[in-house]
Chemist: 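Below you'll find the structure I mean.
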Amino acid sequence: MPTEHVNAPARLPRHLAVIMDGNGRWAERRRRPRAVGHRAGARAVNVCIDFCLERGIEALTLFAFSSENWGRPEDEVGALMKLFLNALEREVDELDRRGVRVRFIGERERFGELIRRQMDAAEARTRGNDRLHLSIAASYGGRWDIAQAARSLAQDVAAGRLQPEQIDEAALNARLCLSDLPAPDLFIRTGGDMRISNFLLWQLAYAELWFTDLLWPELDAVTLQRALDDYASRERRFGLTGAQVASRPHETAE
Ligand code: FPP
């Protein structure tokens, strides 16, 4: 599948990648436990999914829990695990009905057995859907992703299935999470911080970046539309010149 589109005609991102930041601050401002902010954050996830379905965005990847988030206080990690379990139980039927394919990317082994089983079941249940590819990054880190791809290449070299000279960008890309999807076109981060925080480090190479001070639980369709409008006004050059892009309007750059 092509990974990047130079000046794609529709000006609609095919793949949206989101860092959902600000749940904790949203709760703290209300003098409530941080877990309350995460619950409000789960409602905003639905706002985002609805928006993508309505606009015809093909893929949505959400950063739900980073490799580093395991280091948070035990009660917050516990509350998040409970929330993930509840959300999986509650939402999968509806997601399936709406044609959403769900997958999880990250170190699944670090989760408890129950959550792992629910993740497997949600993926199996929605495997045949293709209206929206929803990827939930959980126990995910961009460095982990690149390291596991490198390990997989090294294993193939050690087993004689691959020559070192055959290792190129395409070979590494093929072993990364989400390699079957177009690379994210638009990256959105709520919560005011302007960084990528070990999200899809490789896959975001040419994504357009968009930040808002709004906290994740405050997310609404107006804000998402603002991000889309901004995206539509940008010229994506993928390392080419503006003149080159203008003369090859609908070409695909790998
Ligand atoms: C970052 O906010 C958010 C998280 C670490 C968790 C994200 C989880 C959800 C939105 C809930 C449910 C998700 C799914 C997929 C059901 P933060 O806690 O770092 O906020 P802060 O920066 O204000 O402290």
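Each ligand, and each atom within it, is numbered from 1 in the order the structure gives.
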Chemist: Go through the side-chain N and O atoms of Gln244 and Arg237 and say whether any donor and acceptor fall under 3.5 Å apart.
Modeler: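 No.
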
Chemist: Would you say the side chains of Glu91 and Asn86 form a donor-acceptor pair under 3.5 Å?
Modeler: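 No.
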
Chemist: Nearest protein heavy-atom contact for atom 13 (C) of ligand 1: which residue, which atom, what distance?
Modeler: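 Going by distance alone, atom 13 (C) of ligand 1 is nearest to Phe84 CE2, 3.8 Å.
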
Chemist: At a 4.0 Å cut-off, with the gap strictly under it, does some heavy atom of Ala64 reach an atom of ligand 1?
Modeler: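 A heavy atom of Ala64 does come that close to ligand 1.
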
Chemist: For the backbone of Leu215 and the side chain of Thr190, can you confirm whether one donor and one acceptor N or O come within less than 3.5 Å of each other?
Modeler: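 Side chain of Thr190 to backbone of Leu215: no pair is present.
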
Chemist: Counting non-hydrogen protein atoms only, what is the nearest one to atom 10 (C) of ligand 1? Give residue, atom name and distance.
Modeler: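 The protein heavy atom lying closest is Asn23 ND2, 3.4 Å.
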
Chemist: Which ligand 1 atoms does His38 reach within 4.0 Å, using its non-hydrogen atoms?
Modeler: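 Close to His38: 4 (C), 6 (C), 11 (C), 18 (O).
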
Chemist: What do you reckon, does Asn69 have a nitrogen or oxygen under 3.5 Å from a nitrogen or oxygen of ligand 1?
Modeler: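 No, since none of the N or O atoms of Asn69 sits under 3.5 Å from an N or O of ligand 1.
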
Chemist: Name the closest protein heavy atom to atom 21 (P) of ligand 1, giving the residue it belongs to and the distance to 0.1 Å.
Modeler: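 Here the nearest protein heavy atom works out to Arg25 NE, 3.6 Å.
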
Chemist: Take Asp185 and Leu16 through the side-chain contact (heavy atoms from CB on, under 4.5 Å) test and state the conclusion after the steps.
Modeler: CA-CA 6 Å; Asp185 305 292; Leu16 193 61; over 6 Å; no

Chemist: Side chains of Asp230 and Trp210: is there a donor and an acceptor less than 3.5 Å apart?
Modeler: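 Yes.
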
Chemist: Geometry only, no angles: is Arg72 polar-contacting ligand 1 at N/O separations under 3.5 Å?
Modeler: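 Checking ligand 1 against Arg72, an N or O pair does fall under 3.5 Å apart.
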
Chemist: With nothing but distance in play, are any N or O atoms of Asp21 less than 3.5 Å from an N or O of ligand 1?
Modeler: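 Among all N and O atoms of Asp21, at least one is under 3.5 Å from an N or O of ligand 1.
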
Chemist: Looking only at distance, does Leu83 have an N or O less than 3.5 Å from an N or O of ligand 1?
Modeler: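 Checking ligand 1 against Leu83, no N or O pair falls under 3.5 Å apart.
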
Chemist: Heavy-atom contacts with Met20 under 4.0 Å: which atoms of ligand 1 show up? List them by number with element.
Modeler: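 Near Met20, the atoms of ligand 1 are 1 (C), 2 (O), 3 (C), 10 (C).
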
Chemist: Say whether Arg34 and ligand 1 are in contact under the criterion: heavy-atom distance to a ligand atom below 4.0 Å.
Modeler: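 Judged by the 4.0 Å heavy-atom criterion, Arg34 does count as contacting ligand 1.
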
Chemist: Looking only at protein heavy atoms, which one is nearest to atom 15 (C) of ligand 1, and what is the separation?
Modeler: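 Residue, atom and distance for the closest contact: Ile136 CD1, 3.9 Å.
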
Chemist: Tell me whether Ala87 has any N or O atom under 3.5 angstrom from an N or O of ligand 1.
Modeler: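 No.
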
Chemist: Indicate whether the side chain of His38 and that of Asn23 have a donor and an acceptor atom separated by less than 3.5 Å.
Modeler: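 Looking only at side-chain atoms, Asn23 and His38 do form a donor-acceptor pair, the distance falling under 3.5 Å.
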
Chemist: Please test Leu134 against Arg103 for side-chain contact (heavy atoms from CB on, under 4.5 Å), starting from the C-alpha separation and ending with a verdict.
Modeler: CA-CA 6 Å; Leu134 172 64; Arg103 81 173 83 175; over 6 Å; no

Chemist: Heavy atom under 4.0 Å from ligand 1: found in Trp216's side chain, backbone, both, or neither?
Modeler: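 The answer is the side chain.
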
Chemist: To which protein heavy atom is atom 20 (O) of ligand 1 closest, and what is the distance rounded to 0.1 Å?
Modeler: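 Protein heavy atom at minimum distance: Gly24 N, 3.0 Å.
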
Chemist: Can you name the residues that form a side chain to side chain contact (heavy atoms under 4.5 Å, CB included) with Arg43, not counting sequence neighbours?
Modeler: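 By the side chain to side chain contact (heavy atoms under 4.5 Å, CB included) rule, Arg43 matches Ala40.
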
Chemist: Using a 4.0 Å heavy-atom cut-off, which part of Glu28 comes near ligand 1: side chain, backbone, both, or neither?
Modeler: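 No part of Glu28 is near ligand 1 at this cut-off.
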
Chemist: State, without any angle test, whether Arg189 and Ser197 hold a side-chain donor-acceptor pair at a distance under 3.5 Å.
Modeler: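 Per modelled atom types, Arg189 and Ser197 side chains form a pair under 3.5 Å.
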
Chemist: Which ring pair (Phe, Tyr, Trp, His ring centres under 6.0 Å) pairs, counting each pair once, include a residue from residues 81-134, with sequence neighbours left out?
Modeler: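 For residues 81-134: Trp70-Phe111.
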
